Each structure stands twice: as C-alpha cells, then as structure tokens.
Number of protein chains: 2
Amino acid sequence: MAIISHRKLTAEREQCILDLLKQSDALAVSALSEQLEVSEATIRRDLQNLHERGLLERVHGGATLKAVGQPELLFSDKEGKCSDEKQRIAAAALELIQQHDTIYLDGGSTILQLARLLESRSGLTIVTNSLMAASLLMESRHRLILTGGEFRALSRTMVGPLSASILQSITVDKAFMGTIGLTLNDGMSTTDANEAFTKKQIMSRSRQVILLADHSKFGVPSFVNSGSLEDLQTVITDSISDEFRKRFNELGIHLILA
Amino acid sequence: MAIISHRKLTAEREQCILDLLKQSDALAVSALSEQLEVSEATIRRDLQNLHERGLLERVHGGATLKAVGQPELLFSDKEGKCSDEKQRIAAAALELIQQHDTIYLDGGSTILQLARLLESRSGLTIVTNSLMAASLLMESRHRLILTGGEFRALSRTMVGPLSASILQSITVDKAFMGTIGLTLNDGMSTTDANEAFTKKQIMSRSRQVILLADHSKFGVPSFVNSGSLEDLQTVITDSISDEFRKRFNELGIHLILA
DNA sequence: ACGGATTTGATCGATTTTGATTGAATATAA
DNA sequence: TTATATTCAATCAAAATCGATCAAATCCGT
C-alpha cells in the first residue's frame, strides 16, 4: 500500500511560514507557494491571517518579520535576532559586574542579552522582573529572585504597585536598566505606567543605576516618564550625539561606548 | 490460528495521539485515522475529548499541541506526566471556580493541570507562585499576578520570606493548593522550608483553601510542616481511606471525590 | 447468556478551505 | 512620465472537513 502524502494543515503551514521567516528576513509569496506546495492565493490568505495576529509584516510580493523596535516582536525571536550593537553593549555591561554582586536586571532585549552572558557565570544574586531573563537564568548557578507583581504580557515583566512590596525590602548593588526612549528634557520614558512605576522603584533601591540603550533610543520620547537622567550613574551605548555627551558630562554620568 | 490484533482502547488511543503530537507540531485527522486504524469520526471524538481536557488545541483538519505562532513556554514541565486521576481532580476543581473569582494557584503537577483547563477561559484574577502556571497562562485573557520571591529551581516556584511582601497585601477567594504529603497527625508537609512558609502565608490570605491531592499523597509525611488539616475547607481527591474520610468529616472539610 | 450502556462507523447537510479567475493596484523598466 | 509586468483583493465553485444523528457493534455487570 502506498503512503499518501497529505497536504499540510493550515496551522502547520502557518507555523512553517513563521519558522522560515525566522531564518531569512523576507520571503516571497511565490517561493512559499512552491515550498509548501499550495497555491499563491492560499499563501496570501495565510500571510493575511498571520499579519492580523501581529506575527509578521506584509510587504508587496511577500512578508517580513516585524520591524525591529516594535514592542510586539521584542521577544518573539528565540534565536536572538539581537543586533550587534546590543551584544556589544551587553558585553560592556558584563565588565562592570563583580563576583558576589547583587544586581537587578530590567526587561528589554538589551538586558536580556546581558542575561545570556551571565548564564555561564555563577555566584551572583540576581533580582529581576523579567520572566525572559528568569527563564534563561533558572538553571544557572546564581541566586535568583523575582520581584512579583502584575504580569504584563507585552514585555513579559512583572510590574505595578504590587511589585513595590518586594522592591522596598531589598537593595541591590547595580541595576541594569533598559528604556523605550530618553530625551534631554524629560529623561527616560516608557509605554506603560505600571512599568514606569516599577522602574522608578528599583532605581531608588540601587546603589548604582546603569542604563543600557543603543543609539536608536536617544531623543525618542515615549508615553510615561520612568525616571530622570539625574538618577543614572552610568550609561552604556554604541554611539552618541554631542548634545547628550555634553549633558552626561554635566551630570557626572559615566559614559561607556561599546 | 492467527493472533487477532485487537483495536486499541479509547484511553490507549488518546495517549497515543498525545505521544504522536509531541513528535510533530500538528497532526491531520486523516493521518491519525490511518495510523490508528479507526474511522475519522472516532478520531474527531477523541480530539474533542482531549481538547475539553485542555490537552491539545483543535484546528481545522487536525490538532496541535499549542496554537500556532504562540511562543514556546518559558517554563515547562519536564516530566509532563499527568495521570488520569490528576486530570479528574483538576476538572473537579474547575467546577468550583466562578466568573470573576480571584484565585491562587500553588505549584505542583495537579495544580498545573488546573492551569491548563483555565487557559481557554477568561476573566479571572489569578495569583500564582508557579512559573510553569504563569508560563501557561501568560497569553490567556486573565489578570495574572506573580507573587515574587526566591526562585526554587526544583519546583519552579517563587518562595520564601520575600514572597510574603506581596502575599500580605492581597486576599484571594479560593486558594488551590498542592502538597507532597499529608498525615492524620501532622497535616500537610513538603520538602522545602521556604516553600512551606509561602504555603502557610497564602492559606492565611484566602477565604477558602482547597487541597488537590491524589490518593498517593495520603499518609505520606515529608520534611517540613506546611499547614494543618484545620486550615482546609475543601479536599479534592480520587480515592480515600475511611480514616481520612472520618477525620475530614469531624473537621467539617468538604470532600470531593473525582 | 442477557440487557443496558458505551463506543463505533456511516451518512447528510452545513461550514471551511482551496485554487482559479477577474479587474484593480503596485512595482519595474524604458 | 508612460508602458509593461507583477502582485493584489475579491469572488466563486469545487473539494475537504465539520458536527449531528442514528443504527450497528462492542463492552460490562448480572
């Protein structure tokens, strides 16, 4: 008896498209049609479905993963579609960490990259509100403490007033913070009020606050203020304008270019 | 005389489907029908049953383990073993939950099964110290609150004094608790002191405490006491000895046999 | 062996998905 | 810019799949 090769299920096919997209940034409708052995009309319908669910970006002739910087996609890349800058920034941050430090890891893809580098280390006490970071570090040889709080799905972090309970009862040596954007006038800002609240909390409980932000964050304002530049002791970035450099100098902020 | 190959029992077949699903992302009804040598109608009934028990997702033409495009779980159950008893106990617990309830989910595989059943529901406020439960419910339409605390790798839970900060500031309607063992004399007990501490904390902050424990837990002592039988309002199990039944009766504990 | 309960497979109309076709919209080249 | 070639969304009929129903087969306790 012959083995009949069944056509893939819709769900299976959509998963396939997403997997393929993770490997190459963009895919043509025609290529997908050949690869998956269905008509182009079907591929177009699949792409539309996936787009409506926010899983990819549609372009003429095919599809791409969402543009980087879109919060929805910050974490969808398992592989670490992490830019080179973010890796260098994380590596520079790693140098600041000493044995037996108690550190805080904020949410965001840059900090997550730092967590990856810490995976193979040991002996630190790591406090975090990021479930992605916790997930990475759970098998490591660090002491791991989670802040608790209301779960925010978009950033996969625990935020809000409830997280304050724990944060108020601890002090860390170094807090590694991320941000959506920062401006000269208004300092750091983010999209969610609860998240901003938690960021402010932890910054007040850290001996040293270190901001990790690539050049794309500078000059970009977001919705809610999450701290002023005065709160920072150190900033790590890949490149910076003269304006910001001058301001950091005035404020006595240690600037590290990675 | 040839050996007649008996058709598989329903339970056997359903287990088979789950095993096959773990190997490939998605399976077609037609493929399963051939593989297991039963009609497609039967496969559809099996898939519907498994779906109602929260063990798979149904898609047109077949079934998948998780919805397409959903990121993989951050924290997953390594063993993943879930006996039939635990499923029934979880299903019975589900019936106790009402719309808009605020509930607490403890760690443990039985409670995790309950979390699976809650995945497709919505509108609850769910507090948990279990990262596996949180990971399952991450994308669901509930309000999700994590307790925070020190991460205990073995149980993938947040425990210890730090978790008390949040627990003291909340009250839940129903706490669904697991345990390593319970005895007539010493009540519930578990292996880790921090875990026991957290269990006692939440039980004191819940209007109703519901213990989910299969028969293997009864009469088995563990290391640290994590609460007395008097703390319980309801116990759900699959079978129970007369001694325990009598004691529960004396204490006014509502016993549910699943 | 008997009878009730459960499970199975077949059937049917309803729903969903697919591929082809169309004219409109967009990209590319001249 | 205009002309040409792709790609697109909308539409429709065919195919696949679905849920509901019912009768036959199987299972189980008496």
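Just so it is clear: chains get the letters A, B, ... in the order the sequence lines come, proteins before strands, and each one is counted from 1. A quick note: this is a predicted structure, and the numbers were derived from the prediction, not measured. Values below: every heavy atom of this structure, side chains too, minus hydrogens, waters and symmetry copies.
Nucleotide D/dC8 holds its C1' atom 16 Å from the CG atom of A/L32, rounded to whole Å. Nucleotide C/dT7 holds its C1' atom 15 Å from the CD atom of B/E12, rounded to whole Å. Distance, B/Q48 CD to D/dT17 P: 18 Å, rounded to whole Å. D/dC8 atom C1' lies 8 Å from atom CZ of A/R58, rounded to whole Å. The distance from atom CZ of A/R44 to atom C1' of D/dA10 is 12 Å, rounded to the nearest whole Å.
Side-chain atoms of A/Q15 and A/D19 include a donor-acceptor pair closer than 3.5 Å.
Looking at B/R247 and B/E243, no side-chain N of the basic residue comes within less than 4.0 Å of a carboxylate O on the acidic one, giving no salt bridge. Under the 4.0 Å criterion applied to side-chain N and carboxylate O atoms, B/D106 and B/K199 are assigned as salt-bridge partners. Look at A/R156 and B/E139 and you find a salt bridge, because one of the NZ, NE, NH1 or NH2 atoms lies within 4.0 Å of a carboxylate O, short of that distance.
Here B/Q48 pairs with nothing under the side-chain hydrogen bond (donor to acceptor under 3.5 Å, both in side chains) rule; sequence neighbours left out. For B/R121, there are no side-chain hydrogen bond (donor to acceptor under 3.5 Å, both in side chains) partners at least two apart in sequence or on another chain. Residues forming a side-chain hydrogen bond (donor to acceptor under 3.5 Å, both in side chains) with A/N185 (at least two apart in sequence, or on another chain): none.
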Each nucleotide of nucleotides 14-27 of chain C classed B (base within 4.0 Å of a protein heavy atom), S (only sugar-phosphate) or -, in 5' to 3' order, makes --SSBB------SS

Pairs under 3.5 angstrom only: tabulate donor-acceptor contacts from the side chains of residues 122-133 of chain B to other protein residues two or more places apart or in another chain.
from	atom 1	to	atom 2	distance (Å)
B/T128	OG1	B/L105	O	2.7
B/T128	OG1	B/S130	N	3.0
B/N129	OD1	B/Y104	OH	3.0
B/N129	ND2	B/M158	O	3.2
B/S130	OG	B/M132	N	3.4
B/S130	OG	B/A133	N	3.1

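Remark on the helix from C/dA1-D/dT30 to C/dA30-D/dT1: inter-end axis angle 50°, axes from five-pair C1' superpositions, rounded to 10°.
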